[in-house]
Amino acid sequence: MLTSTALAAGAPFPYEEITVDELLSGYESGEYTAEEVVQAYLDRIAKYEPKYNAFTVLNPNVLEEAREIDRKRKAGEKLGPLAGVPIVIKESVDVAGFPSTMGWEPLAPEKGGIALIPEKDAPVVARLKEAGALIIGKTNIPAFSASGTSASTSWDGDTYNAFGRQFAPGGSSSGTAMAVSGNFAVLGIAEETGGSIQNPAAAQGVVGIKPTFGLVPNVGVVPLGGSTRDVIGPHARTVKDAARMLDVIAGYTHEDPKTVAAIGNMPEGGYMSRLNTQALQGKRIGLLGPGWRDMELTPETQELYDKAIQDLEAQGAIVVPDPFAGSGFAEYVAGITTGNGIESLIYDFQDYLERLGPDAAVRSVEELLEKTGQKPSVFERYYAEDVPDPSGEPDLSEFIEVRTHLLNIFNAVMDKYELDALFFPQMYKETPTLDSGENIGATTVSEINMAGVPLVTVPGGYYKSGAPFAVVFVGKMWSEAELLGYAYDYEQATKHRKAPVLEE
């Protein structure tokens, strides 16, 4: 899979922690070309990928695509906003011509499985290609993206954490977070049903955006709650780069009618328009407490969170302790057993398979079961008995009731205390070790997924072990631009992100 020549022993990686601005500036000045940048990333991947396993497949055409960007730039042709920027795509997101394995061995050609080859890109991939981004490869996930902690169930085996192979990488966008954090690419596409953008971003010290449901098209993506919860968002090393990527992938497309909700709810001037170092001044920010979820932070997590709150206040924010106290929010979330949005799973799966195209090896759930001879683990999890007929319509009445109730409480609390955002530690404990069997302890999964509200994950420091600590900004639906402004202000004031030192 890895064919490029490795970097010379001891040679520093010339583009470590480079931002999109710096990269584009270098292209414009002629300091370097897209071809040499991509080659350097491929060399780095060849050197470190065997230890970290971020990728399921590399793009064999990426150097040719880079040369075409260079040709267009030299000829003065119009280029997109990400022209020549190396990116990665989560395995569950369709890229035309590349196998869609779902992380599942029976669909992995490398393991003798059925090759499912999408005939067209997911809309987000098409938008990124149109913007000139260069896809380095697709990144590892657990089978069916069904773990928020690791990629251990993947046909391709574990992905390892850039900040220490002993730590869980977070899931299910394990490989994307590793590739971005470990400087295998500049930007990455992640996807979330319940923590899969934010968990790996937090565990591996990168910025993640979990957008409002319906802002970014999610068709062409292997679903868990495609009609209800699934969202696609960026992983990046800086808030500005994440905002820039969101500008490219967000907005309405006829391919995904859900995105009609985004019309009129996107910021004039784009998602970078609110980035400034005074964004937190005078803003009212709600803090984590038992009213949100009845949990206790570990002592070291509490210490790191207290320091983050001090940094927030130093930027002029006004903090409001436990605004959800007495709201019934924590009690309601704890009592949810049905209506969590996964009721649409089998129907969304059928839609996904049909979209693969008329020549796909599998076109329906029935064919998937028949041709693989197996019942996918994700079906076992939600359909212990018979798999429902996917030709019908899912009953989402309970989910609608749950989302309505969650949003009613959420919006009422935000309004009552005139809150601009919430500010929580993303986990209540340190990232567990990969071999511990423990799950990541997120504070914002799956409340925000069922509610459909946005969240931005930002590096917030480090534990004594070296594992990253992360904070999140959460807001009302469609408040991404404001949240990114607050995250940028916090990021610039603290500068917590540092490049991990990888093992050869």
Side-chain angles (χ1 to χ4, degrees), residues 1 20 38 41-42 45 49 52-62 65-66 80 82-103 107-108 116-142 144-145 151 154 156 159 169 171-193 196-197 200-201 204 206 208-209 211 216-223 230-237 241-242 244-246 248-250 255-256 352 355-356:
M1 180 170 78
V20 174
V38 167
Y41 277 102
L42 292 175
I45 291 163
E49 169 71 357
Y52 291 91
N53 197 36
F55 292 95
T56 53
V57 64
L58 291 179
N59 177 7
N61 304 314
V62 68
E65 292 161 3
L82 295 178
V85 177
I87 69 167
V88 295
I89 306 290
K90 184 176 178 177
E91 170 63 25
S92 57
V93 181
D94 285 355
V95 179
F98 288 83
S100 178
T101 70
M102 309 185 193
L107 295 177
L116 276 188
I117 312 293
E119 294 180 12
K120 59 182 177 179
D121 295 319
V124 291
V125 173
R127 288 172 173 180
L128 287 162
K129 286 182 177 179
E130 181 68 22
L134 296 170
I135 298 172
I136 295 283
K138 297 191 73 178
T139 56
N140 198 23
I141 60 171
F144 303 102
S145 299
S154 169
D156 200 27
T159 289
S172 60
S173 305
S174 310
T176 293
M178 192 281 131
V180 173
S181 187
N183 284 274
F184 289 176
V186 178
L187 300 170
I189 283 293
E191 177 268 338
E192 170 160 339
T193 305
S196 293
I197 294 173
Q204 301 204 55
V206 296
I209 303 174
V216 178
N218 69 9
V219 297
V221 181
V222 180
D230 293 353
V231 293
I232 296 175
H235 276 171
R237 290 186 294 270
D241 281 357
R244 189 188 296 271
M245 193 179 210
L246 186 61
V248 171
I249 64 175
E255 291 188 74
D256 187 350
Y352 170 79
R355 191 184 184 276
L356 290 172

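When each of V88, I89, I197, V180 is paired with I189, the side-chain contact (heavy atoms from CB on, under 4.5 Å) condition holds for I89 and for no other. For the pairing with E91, the side-chain hydrogen bond (donor to acceptor under 3.5 Å, both in side chains) check across N140, T139, T101 returns one residue only, T101.
Under the 4.5 Å side-chain criterion, counting only non-hydrogen atoms from C-beta, H235 is not in contact with Q204. Side-chain contact between F98 and V57: present, with at least one pair of heavy atoms (C-beta onward) separated by less than 4.5 Å. Between S145 and V222, every side-chain heavy-atom pair lies at or beyond the 4.5 Å cut-off. Within the 4.5 Å cutoff, the side chain of S196 has heavy atoms near those of the K90 side chain. Here the side chains of L128 and I135 are not in contact, with every heavy-atom distance at 4.5 Å or above. Using a 4.5 Å cut-off on side-chain heavy atoms (C-beta onward), V219 and P123 make contact. By the 4.5 Å heavy-atom criterion applied to side chains, R237 and N183 are counted as neighbours. With a 4.5 Å cut-off on side-chain heavy atoms, V95 and P118 do not count as touching.
Across V231 and P211, no two heavy atoms sit closer than the pair CG1-O, 3.6 Å. Between V38 and A66, the shortest heavy-atom contact is CG2-CB, 3.9 Å. Of all non-hydrogen atoms in A54 and M178, the two that sit nearest each other are CB-SD, 3.7 Å. Residues P223 and Y352 approach most closely at CD-CB, 3.8 Å, considering heavy atoms. Between G171 and P200, the closest heavy-atom pair is O-CD, 3.4 Å. Minimum heavy-atom separation, P217 to V124: O-CG1, 3.6 Å.
Going from atom CD1 of I45 over to atom CZ of F55 covers 4.0 Å, rounded to the nearest 0.5 Å. Remark: I87 CD1 to K129 NZ distance equals 9.5 Å, nearest 0.5 Å. From D94, atom CG reaches atom CG of D121 across 8.0 Å, with rounding to the nearest 0.5 Å.
Partners of E192 by salt bridge (Lys or Arg N to Asp or Glu O under 4.0 Å), not counting sequence neighbours: none found. Applying the salt bridge (Lys or Arg N to Asp or Glu O under 4.0 Å) criterion to R127, with sequence neighbours excluded, gives no partner residue. Partners of Y52 by ring-ring contact (aromatic ring centres under 6.0 Å, His included), not counting sequence neighbours: none found.
Donor-acceptor pairing under 3.5 Å is recorded for the side chains of T193 and D230.
Although no hydrogens or angles enter the test, the distance criterion places a donor-acceptor pair under 3.5 Å between the side chain of S154 and the main chain of I141. Without hydrogens or angle criteria, S92 side chain to V221 main chain gives no donor-acceptor distance under 3.5 Å. A distance-only check finds no donor-acceptor pair linking the side chain of D241 to the backbone of L187 [under 3.5 Å]. Remark: side-chain polar atoms of E191 are not paired, donor with acceptor, to backbone N or O of S173 under 3.5 angstrom.
With a 6.0 Å radius and a threshold of 12 heavy atoms from other residues, nucleotides or ligands, E130 has its CD atom at or below the threshold.
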Next on the checklist: Applying side chain to side chain contact (heavy atoms under 4.5 Å, CB included) to L58 and E49, what does each step give before you reach the verdict?
Outcome noted: CA-CA 11 Å; L58 291 179; E49 169 71 357; over 6 Å; no
Checklist entry - Would N218 and D256 satisfy side chain to side chain contact (heavy atoms under 4.5 Å, CB included), going step by step from the backbone distance to the final call? => result CA-CA 7 Å; N218 69 9; D256 187 350; 3.4 Å; yes
Checklist entry - Would V85 and R244 satisfy side chain to side chain contact (heavy atoms under 4.5 Å, CB included), going step by step from the backbone distance to the final call? => result CA-CA 12 Å; V85 177; R244 189 188 296 271; over 6 Å; no
